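Just so it is clear, the structure is predicted and the values come from calculations on it, not from any experiment.
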Amino acid sequence: MKLRFLGKNSTVGDCPTLYATDRDTYLVQGWRIFANDLLMHLDIPEGQTAVEVPTELFESLKEDGLAAGEFRRIEDPIMILAPGGTYVVQGPEVTDPEALSQMEIADYETVVEVPRASVTALLEEPRGVDLQRPAQPAL
């Protein structure tokens, strides 16, 4: 899998990063989710995982020719808005050695792959009922 760097959320060390792939997908490198209060509200199938990233990370979509704006909808299971104002992105965990060798990944991070079409759909105006499900706040 070949990667094209789109952007990072900061310039210091390892941090959430967005890549485009040659498979018409995006790789989202973000923080592993350890918070039990958030995990218990997610339905994560076998072979998938979820990462948490700052909303600003997706401003890097402009580097892939997409409008860099706020998502107009949030769709389960790809993405939910966490109580702290971050996005939780769900998808298959990246295990491809070639792809992983092109990244710097801290121990507290992992990478998920999401279809480009799914991400671009989130930028469109909702049609009809929006399938929005914000994460439940911590108790």
Side-chain angles (χ1 to χ4, degrees):
M1 176 185 329
K2 293 190 175 42
L3 307 183
R4 187 166 45 87
F5 172 82
L6 297 179
K8 282 189 175 212
N9 185 251
S10 74
T11 57
V12 180
D14 301 315
C15 56
T17 308
L18 185 64
Y19 299 90
T21 74
D22 61 349
R23 300 183 343 176
D24 211 23
T25 61
Y26 290 111
L27 299 188
V28 181
Q29 177 182 338
W31 305 301
R32 291 182 186 273
I33 297 173
F34 295 108
N36 286 335
D37 55 331
L38 183 55
L39 283 173
M40 65 189 219
H41 294 288
L42 300 174
D43 182 20
I44 302 176
E46 185 75 27
Q48 292 198 7
T49 192
V51 295
E52 188 172 2
V53 297
T55 56
E56 297 84 14
L57 178 64
F58 291 97
E59 291 173 9
S60 301
L61 289 171
K62 67 182 177 217
E63 301 300 323
D64 199 37
L66 298 177
E70 290 187 20
F71 288 116
R72 303 203 185 278
R73 58 182 163 177
I74 308 295
E75 288 191 9
D76 208 10
I78 296 171
M79 189 177 299
I80 61 172
L81 185 61
T86 56
Y87 287 131
V88 173
V89 183
Q90 181 176 320
E93 186 167 6
V94 176
T95 58
D96 180 299
E98 179 187 2
L100 294 173
S101 71
Q102 299 173 62
M103 303 179 225
E104 287 186 44
I105 304 170
D107 291 343
Y108 53 86
E109 293 181 324
T110 194
V111 183
V112 297
E113 184 173 17
V114 292
R116 185 180 196 274
S118 297
V119 172
T120 56
L122 301 175
L123 295 165
E124 299 171 358
E125 287 291 338
R127 290 181 219 99
V129 177
D130 189 7
L131 301 176
Q132 189 165 339
R133 180 181 67 96
Q136 299 298 317
L139 299 175

Taking [X] for the side chain and [Y] for the main chain, is one N or O donor matched with an acceptor at less than 3.5 Å?
{"X": "Asp96", "Y": "Glu98", "value": "yes"}
{"X": "Glu52", "Y": "Trp31", "value": "no"}
{"X": "Glu63", "Y": "Ser60", "value": "no"}
{"X": "Gln29", "Y": "Glu104", "value": "yes"}
{"X": "Asn9", "Y": "Pro16", "value": "no"}

For the [atom1] atom of [X] and the [atom2] atom of [Y], what is their distance to the nearest 0.5 Å?
{"X": "Gln48", "Y": "Gln90", "atom1": "CD", "atom2": "CD", "result": "5.0 Å"}
{"X": "Leu57", "Y": "Lys8", "atom1": "CG", "atom2": "NZ", "result": "10.5 Å"}
{"X": "Thr120", "Y": "Leu61", "atom1": "OG1", "atom2": "CG", "result": "9.0 Å"}
{"X": "Arg4", "Y": "Tyr26", "atom1": "CZ", "atom2": "OH", "result": "7.5 Å"}
{"X": "Glu59", "Y": "Leu6", "atom1": "CD", "atom2": "CG", "result": "13.0 Å"}

Val51 versus Thr110, closest heavy-atom pair with distance: CG1-CG2, 3.3 Å

Val112 versus Gly91, closest heavy-atom pair with distance: CG1-O, 3.7 Å

Residue Asp22 excluded, over 12 heavy atoms near CG under 6.0 Å: yes

Partners meeting side chain to side chain donor-acceptor pair (under 3.5 Å) with Arg32 (sequence neighbours left out): none

Identified side-chain contact (heavy atoms from CB on, under 4.5 Å) counterpart of Val94 within the set Val28, Leu27, Thr25, Leu3: Leu27

Side chains of Met103 and Val111 in contact at under 4.5 Å (non-hydrogen atoms): yes

Check: Gln102 and Tyr19 side chains under 4.5 Å, non-hydrogen atoms: no

